[in-house]
Amino acid sequence: ETEGKPIRCKAAICRSPGEPLVIEEVEVAPPEAWEVRIKIICTSLCHSDLTFWKLDMGPVAAFPRIFGHEAVGVVESVGEHVEELREGDTVLPVFQPDCGECRDCKSQKSNDCSKFPIAHYIGMPRDGTSRFKDSNGQPVHHFLFVSSFTEYTVVDVANVVKISSDIPVEKACLLSCGVSTGVGAAWKVAEVEEGSTVAIFGLGAVGLAVAEGARLRGASKIIGVDLNPAKFEIERGIFATSNAGKKFGVTDFVNPAACSGISVSQVIQEMTDGGADYCFECIGLASLMQDAICSSRQGWGRTVILGVEMHGSPLSINPNEILRGKTVTGSIFGGVKAKSDIPFFVKKYLHKELNLDGFITHEIGFQEINKAFDLLLQGKSLRCIIWM
Ligand code: CXF
Ligand code: ZN
């Protein structure tokens, strides 16, 4: 019986930016009101972990820190007022809260919870404090309201979704961030229709998940754009990995490095008879967002921005293209409202409609967690499952 008591367990702590994680013993406090303590079963590395792991903010940096925000686990105990979950439930922690109470969460137009804004990303959403202490009794910061690189974590009830235990845990894990983001962007934000043309800039897990969402929605042409030819091999199912065997629905590839003397957008315009109906930017570069907008069809082309631009570069758009009907939109977490949409994606998987298997390119043990960083940094993996 651990309920109500602190738990001592192993966590992968990052002590300063860009440094390898170190497995240390931590103390995880019991959940407070509206909180849930979760035993992590497996977790995976999302590119946002890398982005914030590398980010050196000097003296204001949030280190030491426990990264990880894509995971699956089992509820160990719940705090006061938590009624929707109980011990033993299979759950996904999610960085984007779904509080169900604020104007955004109540509206079908938004998933950008205004009750728990991004400001408190280094602690718990309600009070900003930490539930982790290292072996010297010093607090360790959280990451994105989740912190999954630990055997136990504490998450707000707004950041956790109960799922069916029928789905294999490592498949469910993918739906905790990256794959839900991509599928959601195609399914919910763009609302891709049957027979439409799609261009995806960046074929990481998010980009390939956009392809999967577009395939599910019946798109007829799905063009993948990437500089790394190995990404095309993933799609062909011959990536040198465990089970990257299934296709995601990409029908055509464009490698910008191989487009001599002609721009990517010109190539896409030619391939789609005037521009793609839907374009998705999945990298986070303003210049690529512009390429995406240029590749979308005059009159109705819609561009969805998923990438997080970290350089603060402005976006320049020709107002006359907007005037003539092009639209540009964005979405955090693919517009996914966690509590309702994730169980829907789980059902799609269980009905054998949604392909999740191909995203898992590697599986390792918790002790080898730094290997997952190397693989993703080198562009060698999509998702590496880290078993606790
Ligand atoms: C990101 C999205 C924007 C803020 C930080 C986290 N998503 C997760 O991978
Ligand atoms: Zn993520």
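Whatever order the structure lists them in is the order used to number ligands and atoms, beginning at 1. Throughout, residue positions are numbered sequentially from 1 according to the sequence presented.
In K133, the NZ atom is not crowded: 12 or fewer heavy atoms of neighbouring residues, nucleotides or ligands sit closer than 6.0 Å. Summarising the local packing, NZ of K371 is surrounded by 12 or fewer heavy atoms from other residues, nucleotides or ligands at distances under 6.0 Å. More than 12 heavy atoms of other residues, nucleotides or ligands shown are found within 6.0 angstrom of CZ on R15.
Vertex the Zn ion (ligand 2); arms to C46 atom SG and H69 atom NE2; angle 110° (nearest 10°).
Considering only non-hydrogen protein atoms, atom 8 (C) of ligand 1 sits nearest to S48 OG, 3.2 Å.
Heavy atoms of H69 found under 4.0 angstrom from ligand 1 belong exclusively to the side chain. Of the heavy atoms in F95, only side-chain atoms (C-beta onward) come closer than 4.0 Å to ligand 1.
The CG atom of L45 sits 9.0 Å away from the CH2 atom of W53 when rounded to the nearest 0.5 Å.
Under the 3.5 Å distance criterion, with hydrogens and angles disregarded, a donor-acceptor pair is assigned to the side chains of D127 and T129. With hydrogens and angles left out, the side-chain atoms of E83 and H81 include no donor and acceptor closer than 3.5 Å.
Of all the atoms in ligand 1, the ones that sit under 4.0 Å from a non-hydrogen atom of C177 are 8 (C), 9 (O). If you number the atoms of ligand 1 from 1 as listed, the ones under 4.0 Å from a heavy atom of C46 come out as 9 (O). Atoms of ligand 1 lying under 4.0 Å from at least one heavy atom of V308, given by number and element, are 2 (C), 3 (C).
Atom 6 (C) of ligand 1 has its nearest heavy-atom neighbour, among L144, L50, T51, in L144.
Between H142 and F132, the two ring planes are tilted [angle within 30° to 60°].
At a cut-off of 2.8 Å, C177 coordinates the Zn ion (ligand 2) through an N, O or S atom.
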